[in-house]
Amino acid sequence: MIEVKHLNKTFDGHNALTDISVQFPKDQTTVIVGPSGSGKSTLLRSLNFLERPESGIYQFDSDEIDLSQPISNKTILSIRRRTEMVFQGYNLFPHLSVLQNVMEGPIQVQKVKKAAAQQAAIDLLGKVGLAEKASVYPSQLSGGQAQRVAIARSLAMHPEYIFLDEPTSALDPELELEVLKVLLQIASEKQSMIIVTHNMAFAQQVANKIVFIEDGHVLYDGGSDAFFETDNQRIKDFISAMTFSNI
Amino acid sequence: MIEVKHLNKTFDGHNALTDISVQFPKDQTTVIVGPSGSGKSTLLRSLNFLERPESGIYQFDSDEIDLSQPISNKTILSIRRRTEMVFQGYNLFPHLSVLQNVMEGPIQVQKVKKAAAQQAAIDLLGKVGLAEKASVYPSQLSGGQAQRVAIARSLAMHPEYIFLDEPTSALDPELELEVLKVLLQIASEKQSMIIVTHNMAFAQQVANKIVFIEDGHVLYDGGSDAFFETDNQRIKDFISAMTFSNI
Amino acid sequence: ACGSQSSQSGNYKDNLAQSGKLTIGLEGTYPPYSYRQNGKLTGFEVELGKAIAQQLDLKANFVPTKWDGLVAGLGSGKYDIILNNMSQTPDRKKAYLFSTPYIYSKYAMITRSDNKDIKTAKDIKGRNFVASTGSDNGVVIKKFGGNLRPIEQFQTELDQIREGRADGAMNAESAITTYAKDHSLKGLKYHVLTENEQPAAKISALFNKQDGKLRDKVNDALKQLKENGTLKKLSVKYFGTDITTK
Amino acid sequence: MWHIIVTSTPQLIEAGLKYTIPISVISFILGLVLALVTALIRISTKKGAFWILKGIARFYVWLFRSTPLLVQLFIVYFGLPYLKIAGLFPNGIQMSPVTAGILTFSLNTGAYCAETIRGAILSIPNGQWEAAYSIGMTRTTVLRRIILPQAVRVSLPPLANSFIGLVKDTSLAASITIVEMFEVSQQIAAQNYQPLVMYCLVAALYAVVCTALSWLQGYLEKVTSRYVTTSN
Amino acid sequence: MWHIIVTSTPQLIEAGLKYTIPISVISFILGLVLALVTALIRISTKKGAFWILKGIARFYVWLFRSTPLLVQLFIVYFGLPYLKIAGLFPNGIQMSPVTAGILTFSLNTGAYCAETIRGAILSIPNGQWEAAYSIGMTRTTVLRRIILPQAVRVSLPPLANSFIGLVKDTSLAASITIVEMFEVSQQIAAQNYQPLVMYCLVAALYAVVCTALSWLQGYLEKVTSRYVTTSN
Ligand SMILES: Nc1ncnc2c1ncn2[C@@H]1O[C@H](COP(=O)(O)OP(=O)(O)OP(=O)(O)O)[C@@H](O)[C@H]1O
Ligand SMILES: Nc1ncnc2c1ncn2[C@@H]1O[C@H](COP(=O)(O)OP(=O)(O)OP(=O)(O)O)[C@@H](O)[C@H]1O
Ligand SMILES: [Mg+2]
Ligand SMILES: [Mg+2]
């Protein structure tokens, strides 16, 4: 399990995250929601050391890292090799074909043999419904296809956790749907995931646990059903704004 | 009123729009919906001559333009001066302040005096809720703020029509809400608008008329209420995909 | 004087690059012929140019330029005359006019003092010799089959030989004696080419083909300067000896 | 050696102020104008007989970018006088050395800068053109008010590099009888037989000028980028 | 004149094949290696004593970009022999002209290309770094597999320009006694007193080489950009 305790992160003196303590259970999907600029991305990126919090404890299973101390490259690499990140902008490698994008990590990082990596990559592309796109370059994909390749790329590393930062917010609703379906499928296979999303319908379906952040503070941390039935007026307002029921 | 008849547009031999005939009534809001790649943007951009259809008739009030004939720059300019376009990516002028962005058109194109243009721009920025951002540069705005400036910029030209191509699809839901509220306000003032959007809740609220395009063909052209209560299975599927009721 | 080549009528002053001035092209970086002393142009050919101009009732106007610009500039009328240690050859006479020679310049071959292999001009063949590209020195090296390596500065030529990076250099004897006046030639020796090896160069002023009138007038002036001793005086001043006759 | 430096430096600086700097500055300004015109011709969408102008622009850029500058200087100064055009230039095209130098340097830097400016214009996103067209601007107004102001920012670093290169290239002007800074150093070296000291000295002077120009470049980049936020 | 062209051209081409081309090619390859190393040092995030290396890299780039190439050639070839280091170089650093030429051209082009490559690396979006880091790649692997292959595409046009510039700049090698193409044209001119013809001839030869290189550049740009779709 991943857990952070009393995590703090500032940008130029401005508090992006204040005293955050959250658990992200294994084999479950945790969804992080909250208004724009509340610190969702910062929290997710901190779990991968793309951001470096000033203080707090980061615990991954039995490994405990004191974030206020210098952290060795080795520690960072080992965490990154147990987790994967899927970005809003896909960040596929444009100079590699779709297949090579998926094979690159296993070959370069896990030293998997090329033939084995290729077979695994072909299987994964099939799983996200893109078997026939294996040989094209990312620039020839639609947004929904690109994001599914990015998901296949992260799955290829067999990560213990996958982090997804608004994986569909750059997509048209129809393309979004393609991606969300793939994610629901993966969640049902008990892949541990942490997802930042604005899509409440999707959150409701996929989340085992919801974390609501506002202004760098955790306002809610608990079950999905309780979240959508809350009496908290702030959360109610937020949900209705997200679903346009009150324009 | 703007009207197109038997409009055809191809890209490299591929038909993007086929035999399109639609009316866009004055003082009303027409919403164009349809799947990704169906030709919505192409239709909207054709109304502004950012795309040049191969054939068809373009009628603006009593002016009739045969699109299969060469069209003079003067004609194009005159149409463009009676209409304004708001883009998905805002396309604000990054080297000009927010205020200058709004003043640039009236001064350069309509030869309005600087003082008058400035006063009008300040009023419009107030209207979209950004009076206090007048002197900052576009790069310092959030997406929702940028899009509201783009709307103010188009309003400053007092256009007969405003065209909006997915004005909020680059925005988070909360920021989207800011922009949609402004648009609802403008629609209520009987500004003629043509809007391409994926947001069905918004479409339902704002549209006087809905045009549904698929694969370059018009599949529906009529009232808003009838559209959302249609028996057409294709349209029903489309609406439910857009609203995530069936993930 | 032979004015036969001149087909033009009119005065020698008619075709000047700048009216009232005798515009003279030279390098300005070649002691003792023309060089800069405390920022002012001086040297044998500078003083000679002034004297000639005076004889022609003109003001001398010097234009220093790199060698490659000299000949081209004359052809395109940038100056009227070149005074730059230029020697007559049959080839060049086809394209340009020469004055009567004003000095006879002997060539000297510089080598390391411990060099036993290069004794006469014949030994240049196949060796690396340095000289400035445009100069007649370079032409002589190539004539004897040496590999001409271009170097503009005399000091650098000597350094190259001392360091063993060049086998030798060719230059005017006068350039070496001028240098030797207040610099050491330690580690070097030089051999002045005999009349049999390479006749002394007939250093003359250079004119365009159509400037026959001017050439004749300059020849008259040179004759005058020779007769009244000016030429000899300048030669002694700059070369330490009289090299104005064969 | 110290003596040489003390006596030579004023002469070098004088030549620099008299020739190197003015020739670089004037040539660069003229070159920029030429470059802008060339770039505008090359990106123009005009049809018809305009292709002749486009061809000329392409040829001009090709010619000056694919031959050595030294040769260009030489041909303009020494070669054009041979070009006798009855009526217009019965005696060939004669120019003073400084005129020929400025002309050649302008043409040369103009060819390089034309490509820089063209690239900068093409790098401005198409959305900027479309937004300005939608407002009803003419192509000229779009260029003048929207595209070029942004292109200035993009092209500033390469243009500054071209200018710094030009300053150093003026040392070639010696071959067309201009006694600029570098030639003065050579003349002094010929007399004091210390070429190496003179080379180092003149190199230091060039370095001072070029470094000062780099600072100016940094300042201008900051000014023209004021509208680009750094964070995010 | 026809006679001059016919007899001179073979000599010029020979000199070109013997010096101009090999010196340009070897110097450019070495310069590229040097540029890459320098660029990597400059963008490195290493701390500690590494700043000394960074300082050296900065100084190197500054030095070679702010002084004329001619002076650099001169100092390396004629100046270094004076630099006598007991033990290492008791007689000063002596090099053959070609070695000195290649060294200087490599250093010079390396300084310019270092900036090009650095700029190209910095132009690759941060998301590429983050995606590669997330996979668990080390910084070295990210650079080698993800960033540099993309930077090649971005830096190809300016690097090609540098190479074309280098080919023309080898004409300066004459000043350190290398008899390359340009020098041969001058030597011929010294005999026939027809410098203008020789200049035009040699200019044409340079133009041929540079144009051929431009074509090669266009081809390479197409190859390295194969993964970028043009439409949209
Ligand atoms: N690199 C950065 N430098 C400075 N401030 C930053 C940086 N990244 C984020 N911030 C600030 O930290 C706060 C939290 O940002 P964060 O991106 O985590 O929000 P978010 O919840 O992901 O928002 P969104 O829904 O818009 O993605 C914001 O105020 C943001 O401006
Ligand atoms: N510039 C272009 N060149 C070639 N094909 C184009 C171009 N612009 C659009 N198309 C093609 O024309 C068709 C219609 O495109 P259009 O952008 O109008 O669709 P859309 O309905 O706006 O889609 P979206 O919802 O994704 O914006 C698509 O097949 C698209 O690929
Ligand atoms: Mg975020
Ligand atoms: Mg569209």
Side-chain angles (χ1 to χ4, degrees), chain B residues 41 44-45 47-51 70 73-74 76-98 100-111 135-143 146 149-150 153-159 161-165, chain D residues 36 39-40 43-51 116-117 119-159 217 219-232:
Chain B
S41 298
L44 201 65
R45 291 161 57 84
L47 302 182
N48 205 6
F49 295 103
L50 290 177
E51 302 290 354
N73 270 337
K74 210 169 136 251
I76 293 178
L77 274 186
S78 87
I79 296 288
R80 285 187 181 154
R81 285 174 186 179
R82 298 170 71 180
T83 62
E84 285 307 319
M85 177 80 90
V86 174
F87 300 86
Q88 173 182 353
Y90 334 131
N91 294 356
L92 294 181
F93 304 132
H95 60 301
L96 301 179
S97 73
V98 163
Q100 287 168 327
N101 261 279
V102 180
M103 290 160 60
E104 185 73 5
I107 291 177
Q108 295 295 328
V109 176
Q110 298 174 337
K111 312 297 174 195
S135 61
V136 310
Y137 285 103
S139 59
Q140 293 160 274
L141 299 176
S142 76
V149 173
R153 180 174 68 175
S154 70
L155 287 173
M157 301 296 286
H158 301 293
Y161 277 80
I162 301 182
F163 309 143
L164 300 104
D165 193 357
Chain D
L36 183 61
L40 290 180
I43 63 157
S44 165
T45 52
K46 278 219 180 65
K47 299 264 160 58
F50 203 81
W51 70 265
T116 303
I117 294 176
I121 292 175
L122 294 179
S123 80
I124 306 300
N126 209 24
Q128 292 290 310
W129 285 95
E130 296 194 340
Y133 276 145
S134 295
I135 287 177
M137 288 188 185
T138 58
R139 191 176 161 89
T140 315
T141 311
V142 180
L143 270 170
R144 188 171 52 85
R145 299 284 311 174
I146 307 301
I147 304 300
L148 288 180
Q150 295 182 58
V152 164
R153 186 181 79 81
V154 178
S155 57
L156 199 83
L159 289 182
Q217 170 185 356
Y219 171 77
L220 286 178
E221 279 179 33
K222 225 164 101 184
V223 169
T224 53
S225 297
R226 68 189 179 287
Y227 58 81
V228 182
T229 41
T230 44
S231 83
N232 219 316

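So you know, we letter chains A, B, ... as the sequences are listed, proteins then strands, and number each from 1. Nothing here was measured: the structure is a model prediction, and the numbers come from that model.
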>> Please classify the contact between B:Phe93 and chain D as side chain, backbone, both or neither, with a heavy-atom cut-off of under 4.5 Å.
In response: both
> Once you round to the nearest 0.5 Å, how far does CZ of B:Arg45 lie from CD of D:Glu130?
Replying inline: 4.0 Å
> What are the two closest heavy atoms between B:Met85 and D:Ser134, and how far apart are they?
Replying inline: CB-OG, 3.5 Å
>> Quick check for you: to the nearest 0.5 Å, what is the distance between B:Asn48 atom CG and D:Tyr133 atom OH?
In response: 12.0 Å
> Looking at B:Asn73, B:Val136, B:Asn91, which makes the most heavy-atom pairs under 4.5 Å with chain D?
Replying inline: B:Asn91
>> Please check this pair: side chain of D:Gln128 against backbone of B:Leu92, looking for a donor-acceptor N/O pair closer than 3.5 Å.
In response: yes
> Excluding sequence neighbours, so at least two apart, what forms side-chain hydrogen bond (donor to acceptor under 3.5 Å, both in side chains) with D:Thr138?
Replying inline: D:Thr141
> What option among B:Arg82, B:Arg153, B:Gln110 has the most heavy-atom pairs under 4.5 Å with chain D?
Replying inline: B:Arg153
>> At a heavy-atom distance under 4.5 Å, which candidate from B:Pro138, B:Gly105, B:Pro106, B:Pro94 has the highest pair count against chain D?
In response: B:Pro94
>> Please classify the contact of B:Thr83 with chain D as side chain, backbone, both or neither, using a heavy-atom distance under 4.5 Å.
In response: backbone
> Which of residues 145-153 of chain D get closer than 4.5 angstrom to chain B, counting heavy atoms alone?
Replying inline: D:Arg145, D:Ile146, D:Pro149, D:Gln150
> Under 6.0 Å from the six-membered ring centre of B:Tyr137 and within 45° of its axis: does the NZ or CZ of D:Arg226 meet both?
Replying inline: no
>> Are B:Arg80 and D:Ile135 packed together at the side-chain level, in the sense that at least one heavy-atom pair is separated by less than 4.5 angstrom?
In response: no
